[in-house]
Enquirer: 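The structure under discussion is supplied below as structure tokens; questions concerning it will follow.
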Amino acid sequence: MSKISFMTPVVTAFNPDGSLDVQGNKNVYEHLIKGGVDGIVVMGSTGEFFSMSMQDKKKLVDVAAETIKGRTRLLIGASCMDWRETVELGNYAIDAGAEAVMIVPPYYFALSDASVMEYYGKVAPAIHGDILLYNFPDRTGYDLKPEIILELARAHKNIVGLKDTVEKMGHTREVIKALRPEFPEFEILSGYDDNLVHNVMSGGNGCIGGLSNLAPEITSAWAKAVREGDLEGMVKGQRTIDQMMDLYAIGTPFIPISKRAMQLRGIEISDTCTVPFLPATADQEAQIKAFMTRVGLL
């Protein structure tokens, strides 16, 4: 079976005026690499790809490739609403040195299975590198069904994996059962941190989870315990992450909360997010500090 990983859907650092903060992003990448993450996924949902210009996306690809490439796995989100822009950004990322690109299908309107096949049928042959599908029904309004994922893997040899951002593991298990007999190396990753062990025990490959932005050393140690079959370490990690999942409940969206928590850990970035995301309020900051004290991060 393919590698077991806990990768980070990394936040994107912006200056207070909203421009891309090159040094801030480098600071975050160094923090994650020092923390031992198995890979960094740039411009996933946590990275605010949906409200960035193409110019800033390409600039961030360059910064990420320069800082990350060869030090840990580098995957880049290439999702755009126009399939031609997805291809443009995807190939830019591959040419810069990304191992693969991650692509969520178009959102806003719920798509039929046939429309999903059509979208990836346009995109996949035009990208000269590997692709991970990104299933996030809460954001797209529809699901990438296990049988559709299997059809896409059969139709496009460069579709090599999936990030399955669904809270319940039942869906991911069905994907694993559908794909494993024919595609044993297809990489199937959960999008919720607390599903790591369940994912791997079901035959998956791990997780792309946002808590690793704040505490990469914790998620890395947990993934190491899973790889080594260290039951005690797996249980300890699960219980820690179960507590840390409380971070997501402090604010909606959770991205400004994550950035403020990272600042409190000493990472030199602004907590600025793209419009219309607001910074953490005084009450939320108090909750963040209480949370970080409770889990031993402050």
Enquirer: Met81 and Phe136: same hydrophobic cluster, using ILVMFWY side-chain contacts below 4.5 Å?
Expert: yes

Enquirer: Strictly distance-based, threshold 3.5 Å: is any side-chain N or O of Asp62 a donor or acceptor partner for the main-chain N or O of Lys59?
Expert: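 Checked: no pair found.
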
Enquirer: Say whether, by atom type as modelled, one donor and one acceptor occur between the side chain of Arg173 and the main chain of Gly204 under 3.5 angstrom.
Expert: no

Enquirer: Could you tell me whether Lys168 and Glu174 have a side-chain N and a carboxylate O separated by less than 4.0 Å?
Expert: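 Glu174 and Lys168: not salt-bridged.
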
Enquirer: Nearest 0.5 angstrom please: Leu111 CG to Glu118 CD, how far?
Expert: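 Between Leu111 CG and Glu118 CD, I get 11.0 Å after rounding to 0.5 Å.
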
Enquirer: Determine whether a donor-acceptor pair (N or O, by modelled atom type, separation under 3.5 Å) exists between the side chain of Asp193 and the backbone of Ile208.
Expert: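 Flag not set: sc Asp193 to bb Ile208 has no pair under 3.5 Å.
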
Enquirer: Can you tell me if Met201 has over 12 outside heavy atoms packed within less than 6.0 Å of its CE?
Expert: no

Enquirer: Going by an N to O cut-off under 4.0 Å, is there a salt bridge joining Lys224 and Asp230?
Expert: no

Enquirer: Within the supplied structure, the quantity of interest is the number of heavy atoms (other residues, nucleotides, ligands) at a distance under 6.0 Å from Glu167 CD; does it exceed 12?
Expert: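 Count not over threshold, so no.
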
Enquirer: For Ala78 versus Leu89, what's the shortest heavy-atom pair and its separation?
Expert: CA-CD2, 3.7 Å

Enquirer: Which residue pairs satisfy the side chain to side chain donor-acceptor pair (under 3.5 Å) criterion with at least one member in residues 150-159, sequence neighbours excluded?
Expert: Arg154-Glu182

Enquirer: Quick one: which residue pairs count as a side chain to side chain donor-acceptor pair (under 3.5 Å) with a foot in residues 94-103, not counting sequence neighbours?
Expert: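 Sorted pair list: Arg73-Glu99, Asp95-His128.
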
Enquirer: Test Asn25 against Leu20 for side chain to side chain contact (heavy atoms under 4.5 Å, CB included), laying out the working first.
Expert: CA-CA 8 Å; Asn25 283 293; Leu20 198 65; 4.0 Å; yes

Enquirer: Minimum heavy-atom separation for Phe277 and Pro256, please, with both atom names.
Expert: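 Answer, listing the atom of Phe277 first, then Pro256: CB-CG, 4.1 Å.
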
Enquirer: Where is the tightest heavy-atom contact between Leu152 and Val116, given as atom of each residue plus distance?
Expert: CD1-CG1, 4.4 Å

Enquirer: Do the charged groups of Glu48 and Lys259 touch, with an N to O distance under 4.0 Å?
Expert: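 Looking at Glu48 and Lys259, the cut-off is met.
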
Enquirer: Heavy-atom distance under 4.5 Å between the side chains of Pro137 and Asn135, does that happen here?
Expert: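 Yes, side chains in contact.
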
Enquirer: Indicate if Met262 and Val10 have the same hydrophobic cluster label, given that clusters are the connected sets of ILVMFWY residues with side-chain heavy-atom separations under 4.5 angstrom.
Expert: yes

Enquirer: Does a salt bridge link Asp82 with Arg84, judged by any charged N lying under 4.0 Å from a carboxylate O?
Expert: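 Judged by the 4.0 Å cut-off on N to carboxylate O distance, Asp82 and Arg84 do form a salt bridge.
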
Enquirer: If you link ILVMFWY side chains whenever their heavy atoms are less than 4.5 Å apart, which other residues fall into the same cluster as Leu231? By chain and number, please.
Expert: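 Val235, which link up through side-chain heavy atoms under 4.5 Å apart, make up the rest of the cluster.
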
Enquirer: Can you tell me if Gln284 uses its side chain to pair, donor with acceptor, with the backbone of Thr281 under 3.5 Å?
Expert: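 A pair under 3.5 Å: yes.
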
Enquirer: Once rounded to the nearest 0.5 Å, what's the spacing between atom CG of Asp143 and atom CD1 of Ile149?
Expert: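 So the gap between those two atoms works out to 7.0 Å.
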
Enquirer: Taking all non-hydrogen atoms of both residues, which atom of Ser270 and which atom of Thr272 are closest, and how far apart?
Expert: OG-OG1, 2.7 Å

Enquirer: Please examine the side chains of Phe14 and Met52, heavy atoms only from C-beta on, and report whether any two atoms are closer than 4.5 Å.
Expert: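 SC-SC contact between Met52 and Phe14 confirmed.
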
Enquirer: Mind checking the OG1-CG spacing from Thr67 to Leu74? Nearest 0.5 Å is all I need.
Expert: 9.5 Å

Enquirer: What closest approach, in Å, do Ser45 and Tyr134 show between heavy atoms, and which atom pair accounts for it?
Expert: OG-OH, 2.7 Å

Enquirer: Any carboxylate oxygen within less than 4.0 angstrom of a Lys/Arg side-chain nitrogen, looking at Lys236 and Glu232?
Expert: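 A salt bridge is absent here (no side-chain N lies under 4.0 Å from a carboxylate O).
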
Enquirer: Same hydrophobic cluster for Leu278 and Ile288, using side-chain heavy-atom links shorter than 4.5 Å among ILVMFWY?
Expert: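 As far as the 4.5 Å side-chain criterion goes, Ile288 and Leu278 are not connected within one cluster.
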
Enquirer: Applying side chain to side chain donor-acceptor pair (under 3.5 Å), run through Thr86 and Tyr119 and close with a yes or a no.
Expert: CA-CA 11 Å; Thr86 297; Tyr119 176 74; 3.1 Å; yes

Enquirer: Do Arg71 and Glu30 meet the salt-bridge criterion of a basic N to acidic O distance under 4.0 Å?
Expert: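 Here Glu30 pairs with Arg71 in a salt bridge, since their nearest N and O are under 4.0 Å apart.
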
Enquirer: What is the minimum heavy-atom distance between Val200 and Asn205, and which atoms define it?
Expert: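 So the two residues come closest at CG2-C, 4.4 Å.
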
Enquirer: Show, in sequence, the C-alpha distance, side-chain angles and deciding distance for Thr219 and Ser212, and conclude whether the side chain to side chain donor-acceptor pair (under 3.5 Å) test is met.
Expert: CA-CA 6 Å; Thr219 57; Ser212 54; 4.5 Å; no

Enquirer: Determine yes or no for a side-chain-to-main-chain donor-acceptor pair under 3.5 angstrom, with Ser19 supplying the side chain and Asn15 the backbone.
Expert: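 Not confirmed, Ser19 side chain does not pair with Asn15 backbone.
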
Enquirer: Do Tyr120 side-chain atoms and Ile103 backbone N/O form a donor-acceptor pair below 3.5 Å?
Expert: yes

Enquirer: Just by modelled atom types, is the Leu189 backbone N or O under 3.5 Å from a matching donor or acceptor in the Asp164 side chain?
Expert: no

Enquirer: Hey, mind stepping through Ser112 and Tyr142 against side chain to side chain donor-acceptor pair (under 3.5 Å) and telling me if it holds?
Expert: CA-CA 8 Å; Ser112 66; Tyr142 57 93; over 6 Å; no

Enquirer: Between Tyr248 (side chain) and Leu211 (backbone), is there a donor-acceptor pair under 3.5 Å?
Expert: yes

Enquirer: Keeping Glu217 on the side-chain end and Gly36 on the backbone end, is there a donor-acceptor pair under 3.5 Å?
Expert: no

Enquirer: Within this structure, what is the CG-CG distance for the pair Leu150 and Leu179, rounded to the nearest 0.5 Å?
Expert: 5.5 Å

Enquirer: Please check this pair: side chain of Lys69 against backbone of Ala96, looking for a donor-acceptor N/O pair closer than 3.5 Å.
Expert: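 Pair found, side chain donor or acceptor close to backbone of Ala96.
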
Enquirer: Between Arg227 and Asp38, is the salt bridge (charged side-chain N to carboxylate O under 4.0 Å, His left out) condition met? List the steps.
Expert: CA-CA 12 Å; Arg227 283 192 292 269; Asp38 297 313; 3.1 Å; yes

Enquirer: For Asn213 and Ser258, what are the C-alpha separation, side-chain angles and deciding distance, and is it a side chain to side chain donor-acceptor pair (under 3.5 Å)?
Expert: CA-CA 8 Å; Asn213 278 289; Ser258 295; 6.0 Å; no

